[in-house]
Novice: 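My structure is below; once you've seen it, I'll send some questions.
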There are 2 protein chains.
Amino acid sequence: MPKLGMEPIRRRQLIKATMEAIDEAGLADTTIVRIARRAGVSAGIISHYFGGKDGLLEATMRQILSDLGEAVTRRRQALPSDSPRDHLRAIIDGNFDRSQVSQSVMKTWLAFWASSMHKRDLQRLQHVNDRRLYSNLCHQFRHCLAKEEARQAARGLAAMIDGLWLRGAMAPEGLDVDRARGLAYDYLDTQLARRTTTRQTTVTTND
Amino acid sequence: MPKLGMEPIRRRQLIKATMEAIDEAGLADTTIVRIARRAGVSAGIISHYFGGKDGLLEATMRQILSDLGEAVTRRRQALPSDSPRDHLRAIIDGNFDRSQVSQSVMKTWLAFWASSMHKRDLQRLQHVNDRRLYSNLCHQFRHCLAKEEARQAARGLAAMIDGLWLRGAMAPEGLDVDRARGLAYDYLDTQLARRTTTRQTTVTTND
DNA sequence: TCTTTTTTATTGAACGTTCAATCAATAAAA
DNA sequence: TTTTATTGATTGAACGTTCAATAAAAAAGA
């Protein structure tokens with residue numbers, strides 16, 4: 001039943017099916033036939049719309065990254081106040097929204113994480129995302145902490161977020177989002193409590 | 001040149017070559033021919049000593065886990081004092097020794113991490129290891145904190161350790177071990193500072 | 001309105017490649 | 001002579017890609 005304008009529909013279908021397939025069988029056992037069957041289409045269509053398997057995988061990773069970015073942005077727009085603390089909490093929330101912290105998204109993410117160490121395209125995407133998280137955190141911490149302390153806090157919080165998420169992806173019982181968020185909030189507050197004695201150079205907000 | 005008692009030698013050779021191959025090309029592109037060539041032997045020998053590729057991969061993961069366990073144990077035996085703080089620092093140190101925090105070990109570990117979500121054998125190994133880390137941390141925190149707080153601290157520190165390590169594995173510049181350890185120590189101390197007002201039930205050490 | 005033509009969407013068998021596993025053959029020690 | 005160690009060509013299965021064939025919608029023509 002060929003209609004016009006199938007491309008965006010098929011692309012969405014196939015990206016979704018890719019995540020489900022990875023969730024089900026792992027990246028290693030995810031074949032294009034499997035993905036196609038799950039999407040209810042033929043295998044040939046993948047090469048048609050994505051140029052090949054690699055194209056589909058890259059598009060899937062892009063989708064996850066863009067969903068994450070959007071989740072963070074959305075929460076940072078509807079903010080109770082403009083305080084660094086609220087901004088940082090919004091970043092944490094966004095990272096634990098992850099557009100539903102579904103098993104399939106987490107597993108797909110982790111699979112790409114491992115795979116990106118050896119595929120230049122994926123590595124670039126991964127790295128850009130890491131830097132964005134770190135630099136967002138750093139910028140907000142700078143409002144309250146001295147440069148070096150802000151960097152340390154940002155590195156620590158980034159590690160905490162990734163670690164919680166990683167362990168959640170692995171755990172048989174899945175990720176307890178509230179508990180994870182609680183631990184991240186907790187780390188955030190202890191870092192913010194570390195008010196510097198040396199004055200910051202540029203930014204000052206309250207107090 | 002067949003001599004007797006080749007088995008342990010070949011096993012060590014092949015496990016080492018497996019890590020190097022995964023470091024070089026990633027788990028997905030690690031074939032038995034590649035591993036065998038790197039070890040300077042024929043491909044057939046792998047099935048002979050490990051029963052097949054899967055056997056070699058599982059043995060490699062076991063090796064990494066046992067190296068990690070040994071690194072922790074070693075440091076907990078030569079301890080400056082018996083304080084929970086020193087025990088916990090020893091656990092941190094052991095996790096960041098990781099029998100040389102080499103690129104090849106980190107990449108192999110991460111590859112297995114992703115893969116273990118879909119292979120029952122690897123998943124079991126992974127889970128046992130996770131539980132051991134968590135329960136060690138929990139037990140030591142219990143000396144200073146109430147039950148629920150100890151659990152929280154243990155979960156937080158475990159996430160911090162894994163997160164630091166994960167980001168180190170991904171970073172182009174590699175893992176800065178001293179900095180990572182510093183952040184973990186820091187988290188440890190803020191958690192220990194959280195002395196409970198409610199008395200613990202069983203254990204009491206100092207003050 | 002009703003054909004005919006063109007365009008877009010999709011299929012799935014065929015092809016070539018890659019890989020893990022097997023095993024008969026070989027060689028050196030015991 | 002027996003045992004242990006090792007090789008590497010062969011085999012069969014699985015995979016990604018390609019492409020001729022097909023089918024349905026849209027556009028054009030009558």
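Proteins come first, then strands; the chains are lettered A, B, ... in the order of their sequence lines, and each starts at number 1. Computation of the quantities below employed the complete heavy-atom set of this structure, encompassing side-chain atoms and omitting hydrogens, waters and symmetry-equivalent molecules.
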Novice: Ignoring the backbone of Lys53(B), work out which of dT7(D), dT11(C), dA20(C) is nearest its side chain.
Specialist: dA20(C)
Novice: Using whole Å, report how far CD1 of Ile46(A) lies from P of dT18(D).
Specialist: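 Computing the Ile46(A):CD1 to dT18(D):P distance gives 13 Å.
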Novice: Taking atom types as modelled, find out whether His118(A) and Asp29(B) have a side-chain donor-acceptor pair closer than 3.5 angstrom.
Specialist: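 There is no such pair (donor and acceptor under 3.5 Å, judged by atom type) between the side chains of His118(A) and Asp29(B).
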Novice: Of the nucleotides dA5(D), dA9(C), dT18(D), which one has an atom closest to the side chain of Met6(A)?
Specialist: dA9(C)
Novice: Measure CZ/Arg10(A) against C1'/dT8(C) and give the value in whole Å, please.
Specialist: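 To the nearest whole Å, that distance equals 12 Å.
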Novice: Under 4.0 Å: is that the gap between some side-chain N or O of Arg34(A) and OP1 or OP2 of dC15(D)?
Specialist: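 No, Arg34(A) has no side-chain N/O under 4.0 Å of OP1/OP2 on dC15(D).
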Novice: Tell me: CD1 of Ile35(A) to P of dC15(D), nearest whole Å?
Specialist: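 That distance rounds to 12 Å.
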Novice: Pairs of donor and acceptor atoms involving the side chains of residues 153-170 of chain A, under 3.5 Å and at least two apart or interchain, shall be tabulated with distances.
Specialist:
| unit_1 | atom_1 | unit_2 | atom_2 | d |
| --- | --- | --- | --- | --- |
| Asp162(A) | OD2 | Arg167(B) | NH1 | 2.4 |
| Arg167(A) | NH1 | Asp162(B) | OD2 | 2.3 |

Novice: Within this structure, what is the CG-to-P distance between Asp29(A) and dC19(C), rounded to whole angstrom?
Specialist: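 Checked: the CG to P distance equals 15 Å.
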Novice: Under 3.5 Å, side chain of Asp86(B) to main-chain N/O of Asp82(B), donor-acceptor pair present?
Specialist: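 Not confirmed, Asp86(B) side chain does not pair with Asp82(B) backbone.
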Novice: From NE2 of His48(A) over to P of dA23(D), roughly how many Å is that when rounded to an integer?
Specialist: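 Taking atom P of dA23(D) as the reference, NE2 of His48(A) is at 18 Å.
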Novice: Would you mind reading off the distance between Leu4(B) atom CG and dT6(D) atom P, rounded to a whole angstrom?
Specialist: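 About 10 Å, once rounded to whole Å.
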Novice: Please assess Glu24(A) against Arg34(A) for the test salt bridge (charged side-chain N to carboxylate O under 4.0 Å, His left out), listing each intermediate value before the final yes or no.
Specialist: CA-CA 10 Å; Glu24(A) 183 184 87; Arg34(A) 203 180 200 121; 3.5 Å; yes
Novice: Return the value, rounded to whole Å, for the distance between atom CD of Glu7(B) and atom P of dT3(D).
Specialist: 18 Å
Novice: For DNA chain D, whose closest nucleotide is more 5', that of Ile45(B) or that of Ala43(A)?
Specialist: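 Nearest nucleotide further toward 5': that of Ile45(B).
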Novice: Rounding to a whole Å, what distance do you find between Arg37(A):CZ and dG12(C):C1'?
Specialist: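 About 14 Å, once rounded to whole Å.
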Novice: Contact class for Gly52(B) (heavy atom, under 4.0 Å): base, sugar-phosphate, or nothing?
Specialist: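 Sugar-phosphate, backbone atoms only, no base.
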Novice: Looking at dA21(C), dT17(D), dT7(D), which one has an atom nearest to any side-chain atom of Ser47(B)?
Specialist: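 Of the candidates, dA21(C) comes closest.
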Novice: When we call it a touch if two heavy atoms are under 4.0 Å apart, what does Thr31(B) touch: a base, just sugar-phosphate, or nothing?
Specialist: sugar-phosphate
Novice: Roughly how far, to the nearest 0.5 Å, is the CG atom of Leu88(B) from the CD atom of Gln191(B)?
Specialist: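 The CD atom of Gln191(B) sits 10.5 Å away from the CG atom of Leu88(B).
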Novice: Over all strands shown, is Phe50(A) touching base, sugar-phosphate only, or nothing at heavy-atom distances under 4.0 angstrom?
Specialist: nothing
Novice: Nearest to the Tyr49(B) side chain among dT4(D), dA21(C), dT6(D), which nucleotide is it?
Specialist: dT6(D)
Novice: How is Gly5(B) classified with respect to the nucleic acid when contacts are heavy atoms under 4.0 Å: base, sugar-phosphate, or nothing?
Specialist: sugar-phosphate
Novice: Give none if dC15(D) has no partner; otherwise give the nucleotide forming a Watson-Crick or G-U wobble pair with it, both distances under 3.5 Å.
Specialist: dG16(C)
Novice: Could you let me know what dA27(C) is paired to, Watson-Crick or G-U wobble, both distances under 3.5 Å, or none if it's on its own?
Specialist: dT4(D)
